[in-house]
Structure formats: structure tokens, C-alpha cells
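Structure, as C-alpha cells:
Computed from a predicted model, the values in this text were never measured in an experiment. Numbering of ligands and ligand atoms starts at 1, following listing order.
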Amino acid sequence: MSTDAPRPADILKVEGLKKSFPVRRGFLQRTTGHVRAVDGVSLAIGRGKTLGLVGESGCGKSTLARMILKLLPSDEGRILFDGTDISAFTDARMKPLRRRIQIVFQDPYGSLNPRMSVGQILAEGLRTVGVRDRSAAAGETERLLSLVGLSARAVDRYPHEFSGGQRQRIGIARALSVGPSLVICDEPVSALDVSIQAQIINLLKDLQDRLDLSYLFITHDLNVVGYLCHRVAVMYRGRIVEEAPAEALFERPLHPYTHALLAAVPDIDAPRGIQAAARELPEEPAAPPAGCRFRPRCPEADERCDRFDGEWVRAGEDHRVRCWRAG
Ligand SMILES: Nc1ncnc2c1ncn2[C@@H]1O[C@H](COP(=O)(O)OP(=O)(O)OP(=O)(O)O)[C@@H](O)[C@H]1O
Ligand SMILES: [Mg+2]
């Protein structure tokens, strides 16, 4: 591509992505079926924007993230990164692109090598983008630490010497060390105290503005979604069931599942987030039913839902939902 070719508005576009895993049971570990972890997901993330991905445990969020990062091959579908179809890219072809898509994990402690100092952790990333010279690396390390709000003295210290929030800052600095365009944040604040969560969210927002980063922000906490995300996609059993600009989703949630998720949010003292709301729904059946997948748990279901095939219903500007009632 020539350098003056127009850049696509979306940094990431995913089309019809699918992944299923074999379910093995018993002593012989025979394959007894498949779980459709990601079942035809399409979404897009605008340059410099944040897409929130919310849904209860096991709905396929991390599987989707791993496919986008090309850590896990997809069964079907396309992944376009900055206009390039990377779906079929081999490791060798992915190499120059790897640095442009980074991930920040939920548990910074588990994902930082305890035997490496912060300086060594960051130097590793810097080397992959060609910063080898000692003094250049030292300067870059200092810049990264200051970007994430850590003192330059952190450089000689080890992960265990930091608090959870500070460790998450190190995880973010590591992601930034290679100069990414897209950062996938997989529950980056779920393991932190509420007061610390806000600091990390503020940091992410600030970094987005300064570095023009795009985020895929995976979370259970809808409070976080409202503050940080421009758009929100709600995922249920491997599928996106509602997608809208964040404001529209909060003002006019349309899918009964989104309602259930939002029901837990208003009272500050109530347990927060989706997990709490989801517990109030009946349990998910082992196999998805015919018709709408959410039907067995839906408080509003009737016989029309058996015939509804989960197609998208347009509910307004940029707002779509897989529920016939929204039509
Ligand atoms: N490597 C694997 N082998 C078999 N099944 C898997 C594998 N990875 C994920 N799964 C299954 O795929 C489904 C989706 O899992 P995934 O980890 O993507 O969910 P999640 O939305 O990230 O959940 P959580 O909120 O708990 O992190 C689950 O049923 C999970 O058990
Ligand atoms: Mg996950």
C-alpha cells in the first residue's frame, strides 16, 4: 500500500468469526460434542475509539480476543487489521504486525515475569522495535514509566515489589513499549480495588487521547463501559446480541439480556456488574435451543421466540439487536 493511500476508518474489522472447541468427557476423553465459543461475530473498532465487549463468564470474550491477536486460529471468518486481511497470515507474516496489536491482561502479576526487573521487562519490548542501544533504551524506559505514572526508580525493581494497581501500570507500559495501535484490554481492572480501578481507567483514557490508541475493552462492569467506551457490544453464548453507541445502550437498552445486565448497576451499594445480574437469570441450558438462544432464560419469551432465528433487527442509528420485539 502506498503511504498516501487513504487509511480505513476502522482499525479493526471482524467478520463472521467462529471458533468451536471439542467437549471431551469420561475416562477415555472422547469427544462428546462441541462448544461454539464464538459463533459468527462481526464487529468494528474505529481508529482512536473504544469498543466495550460485555457478557457473562464463558460467553466467548477471551476466545474472540485470542483470535484477533492471532494466538488462536479461527474456524471461519475474516479479521481485517488496518485494512489488511490477516485471517490467513502465518506467524512469519504476522511478525511485523504483532507489535501493533497488544494485550493487557486481568492479572498483571501472573503475566509479568517475576524474575525480571521492570527495566528488563520493558527492554524486551523495546528490542523488538529495534531499540537496542543502552542509552536510547534507558531514555525510552523512562518515557514509558512516566507515561503510565510510575517513577523512574521503578526500573530496577521487581513485580512483587509493587501493588496491584502499579503492576497493572507496568503491564500497560509493556504493551505500549512496542508502539501499538490497538490494545485489547481483557478485564484489566476486574482484579483491582474499586478506588484503584478508577485510576487505571483514567490512565487508559488519558493514554488513548495522547497516543491515539484504539481499545477493545472486555469487562463485566457496566460502570466502566459508560465512562470509557464509545460503543458497546453485548455478547451472549458466542454471539453479539446488541450493539450500540454507549449512550444509546444505556438510555434505550433493547435486548432482555442487556436489561438484565443493566439491572444490577443503578444502586451504588448493590453488588456491581454483570455477574450479579446474571445470577438473577435462570441458569443457561447446556445446549442452545432452537430459535432465540436466550429464550430459556428470557423473562419476556413467548412462542414467537422459538421461530426467531436471531437475525439483526435495526433499532435506530447505529443500534442493532437480536430480538424481534425491537422491530
Ligand atoms: N482451549 C479451550 N478448550 C476447550 N474449551 C475452551 C477453550 N477455551 C475456551 N473454551 C470454552 O469456550 C467458552 C468461552 O470461553 P472464554 O474463555 O472465551 O469466555 P469468556 O467470556 O472470556 O469468560 P470469562 O469472563 O470467564 O473470562 C467456554 O465455554 C470455555 O469453556
Ligand atoms: Mg475471559
Please say whether G60 places an N or O atom under 3.5 Å from an N or O atom belonging to ligand 1. yes
Compare G55, S57, A37 and give the one whose heavy atom is closest to atom 12 (O) of ligand 1. A37
Please confirm whether H220 comes under 4.0 Å of ligand 1, counting heavy atoms of the residue only. yes
Got a sec: does the CZ of R98 have more than 12 other heavy atoms crowding it under 6.0 Å? yes
Any idea which part of M235 is under 4.0 Å from ligand 1, heavy-atom wise: side chain, backbone, both or neither? neither
So the atoms of ligand 1 within less than 4.0 Å of a heavy atom of T63 turn out to be 9 (C), 14 (C), 15 (O), 16 (P), 18 (O)
Taking atom 27 (O) of ligand 1 as the point of reference, which of S62, A65, P22, G58 owns the nearest heavy atom? S62
Between R66 and D186, is there a salt bridge with N-O shorter than 4.0 Å? no
Hydrophobic cluster identity match, F250 and L254, side-chain contacts under 4.5 Å: no
Could you tell me whether D91 and K70 have a side-chain N and a carboxylate O separated by less than 4.0 Å? no
I'd like to check whether L64 has a polar contact with ligand 1, where a contact means an N/O of the residue lying under 3.5 Å from an N/O of the ligand. no
Among I11, D212, L213, I101, find the one that has a side chain to side chain contact (heavy atoms under 4.5 Å, CB included) with S181. I11
Indicate if the distance from the Mg ion (ligand 2) to the nearest N, O or S atom of S62 falls below 2.8 Å. yes
Proximal ligand 1 atoms for E187, defined as those under 4.0 Å from one of its heavy atoms: 25 (O)
Does Q106 have a non-hydrogen atom less than 4.0 Å from ligand 1? no
Establish, for the pair R297 and Y257, whether the NZ or CZ atom is under 6.0 angstrom from the six-membered ring centre and no further than 45 degrees off its axis. no
H255 and F294 aromatic centres sub-6.0 Å: yes
